[in-house]
Amino acid sequence: MGNDTSSGRAIGTSHSRRFGRKCVQYILVLFIALTINFALPRLAPGDPLIYFMGQEVNTLTADQRQRMNQELGLDRTLWEQYTDFMVGAVSLELGSSTKFGKPVKDVLMERLPWTLLLVLPAFVLSALIGMACGAYAAWNRGKRRDVALLTSMLALESLPGFWLGMLLIAVFAVNLGWLPSYGAVPLVHNGGADYVIEVIRRLILPVTTITLATVGANFLLTRSSMLNTLGQDYMFMAEAKGVGRRNLIYRHALRNALLPVYTHVTLGLGTLVSGAVVVETVFSYPGIGRLLYESVIARDFPMMQGVFLLITVGVIAANLLADLTYPFIDPRARYFKPGEGSA
């Protein structure tokens with residue numbers, strides 16, 4: 001009993017230390033990423049004001065140029081600018097957008113829910129369909145069903161997302177007239193249930209586009225991992241014991257093949273906050289991806305930095321989540337230093 005208690009404490013201590021180490025590592029990565037985010041625009045050649053005003057900066061007088069530099073903090077030393085940038089990143093005080101005339105934080109918070117509403121359903125559908133079809137195809141390797149699924153998924157994987165989106169618009173919005181082709185909400189609405197239905201109708205085409213554009217990668221990875229797992233000795237043993245076909249596929253094979261798929265899917269979470277720039281642009285959808293496109297076109301430098309910060313934090317958080325949850329998905333991923341947990 002005493003040995004079990006000591007072992008449990010040692011394992012708990014090991015997990016706590018591992019969690020602490022990982023957090024410190026990812027905080028360091030975030031610090032480096034923020035530093036690069038600060039440095040890259042300032043290393044670019046030319047007048048920094050061009051990033052804010054474009055060629056119109058050439059029409060400014062010397063006094064106007066000086067006043068603009070003071071308002072944007074460009075008259076301060078590089079170290080002071082860096083300190084302000086880091087403090088702003090931590091406190092989410094990211095300045096004001098030159099295009100929208102509002103604080104960057106407010107614009108990001110307006111657009112982020114629309115991106116999550118678009119990308120989360122597509123992300124879940126793509127993962128579930130890809131894993132289920134990949135496991136089914138691997139179990140039927142070499143048969144017509146496997147060949148048909150493999151051919152279909154390879155075709156989808158090769159199609160550009162923007163072309164797929166325009167094709168869906170041409171078929172279902174223009175020719176058939178079943179669904180709207182742009183925007184997230186109708187220009188005129190009375191709220192209530194009709195508003196919710198219209199929002200859902202406007203989500204169908206972009207969600208379908210993202211799902212079809214990403215399901216192929218999940219399918220191919222699941223199929224490859226499953227084929228490797230199906231050749232293991234414990235699978236032959238389970239089949240010899242008379243385990244049912246469904247349990248054999250989804251409880252024995254898929255669970256053991258899940259780790260690389262889980263890695264791919266979890267890391268994909270990091271791209272959620274960036275949205276799908278191409279798809280959101282094709283459908284004129286008011287998400288973070290569309291915001292990034294508009295900011296680049298308008299040379300809205302503060303907004304671009306805010307979007308890049310959001311993407312950076314999302315990617316790092318997704319990596320940390322994947323790293324910390326590996327042992328819960330597959331106990332074989334657990335590791336300890338020599339002497340830890342050996343009591």
Side-chain angles (χ1 to χ4, degrees), residues 33 36-37 40-41 51 89 92 94-95 97-100 102-127 156-157 159-169 172-173 179-186 198-218 264-319:
I36 295 174
N37 191 13
L40 283 178
Y51 290 97
L92 297 181
L94 305 172
S97 167
T98 59
K99 173 178 171 59
F100 300 97
K102 297 193 294 186
V104 170
K105 178 176 65 175
D106 294 345
V107 180
L108 290 175
M109 291 301 101
E110 290 174 4
R111 298 292 189 98
L112 183 59
W114 290 111
T115 284
L116 296 179
L117 185 63
L118 168 66
V119 183
L120 272 174
F123 177 83
V124 173
L125 287 172
S126 175
L156 286 175
E157 183 70 10
L159 295 178
F162 72 90
W163 184 86
L164 193 57
M166 291 189 293
L167 180 63
L168 292 177
I169 290 174
F172 295 100
L179 297 167
S181 62
Y182 67 93
V185 294
E198 192 62 28
V199 169
I200 294 174
R201 290 182 70 242
R202 291 169 183 268
L203 279 172
I204 292 175
L205 288 183
V207 166
T208 302
T209 301
I210 298 175
T211 301
L212 293 178
T214 57
V215 69
N218 292 322
H264 175 76
V265 171
T266 307
L267 295 184
L269 280 170
T271 62
L272 285 181
V273 292
S274 67
V277 178
V278 173
V279 174
E280 289 186 4
T281 302
V282 168
F283 289 94
S284 297
Y285 191 85
I288 296 295
R290 176 71 180 181
L291 177 62
L292 178 58
Y293 170 78
E294 293 173 349
S295 301
V296 171
I297 296 299
R299 295 177 180 270
D300 189 347
F301 187 64
M303 184 58 68
M304 283 190 283
Q305 280 197 321
V307 174
F308 291 149
L309 173 62
L310 193 62
I311 295 173
T312 300
V313 172
V315 171
I316 292 176
N319 276 268

* Gap between atom CE of M166 and atom CZ of F283 - 0.5 Å precision -> 10.0 Å
* Structure fact -> Tightest non-hydrogen contact, residues M303 and S295, listed as CG-OG, 2.9 Å
* Asked: Between atom NZ of K105 and atom CG of L112, what is the distance when rounded to the nearest 0.5 Å?
  -> 14.0 Å
* Structure fact -> Taken to the nearest 0.5 Å, the spacing of I204 CD1 from T211 OG1 works out to 11.5 Å
* Structure fact -> Value for CG (L205) from CD1 (I169), rounded to nearest 0.5 Å, stands at 7.0 Å
* Asked: Are R111 and E294 ion-paired here, with the side-chain N under 4.0 Å from a carboxylate O?
  -> yes
* Value rounded to 0.5 Å, distance of CG in L108 from CG in L309 -> 8.5 Å
* Asked: So, does R290 use its side chain to make a donor-acceptor pair with the main chain of V277 at under 3.5 Å?
  -> no
* Asked: Can you name the nearest heavy-atom pair linking E157 to A213, along with the distance?
  -> OE1-O, 4.1 Å
* Does some side-chain heavy atom of E198 sit less than 4.5 Å from a side-chain heavy atom of P180? -> yes
* Hey, could you give me the CG/OG1 distance between L168 and T208, rounded to the nearest 0.5 Å? => 6.5 Å
* Closest heavy-atom contact between V104 and G306? -> CG1-CA, 4.0 Å
* **T115 (side chain) donor-acceptor with I288 (main chain) under 3.5 angstrom** => yes
* To do: State, with a plain yes or no, whether a side-chain heavy atom of V282 is found less than 4.5 Å away from one of T209.
  => no
* Check whether any side-chain heavy atom of F123 lies under 4.5 Å from a side-chain heavy atom of T214, and answer yes or no. => no
* **Stepwise side-chain contact (heavy atoms from CB on, under 4.5 Å) check, L291 with W114** => CA-CA 11 Å; L291 177 62; W114 290 111; over 6 Å; no
* Asked: Mind checking whether I36 and F308 have side chains closer than 4.5 Å, heavy atoms only?
  -> no
* Do side-chain atoms of Y293 reach the backbone of E280 as a donor and acceptor pair under 3.5 angstrom? -> no
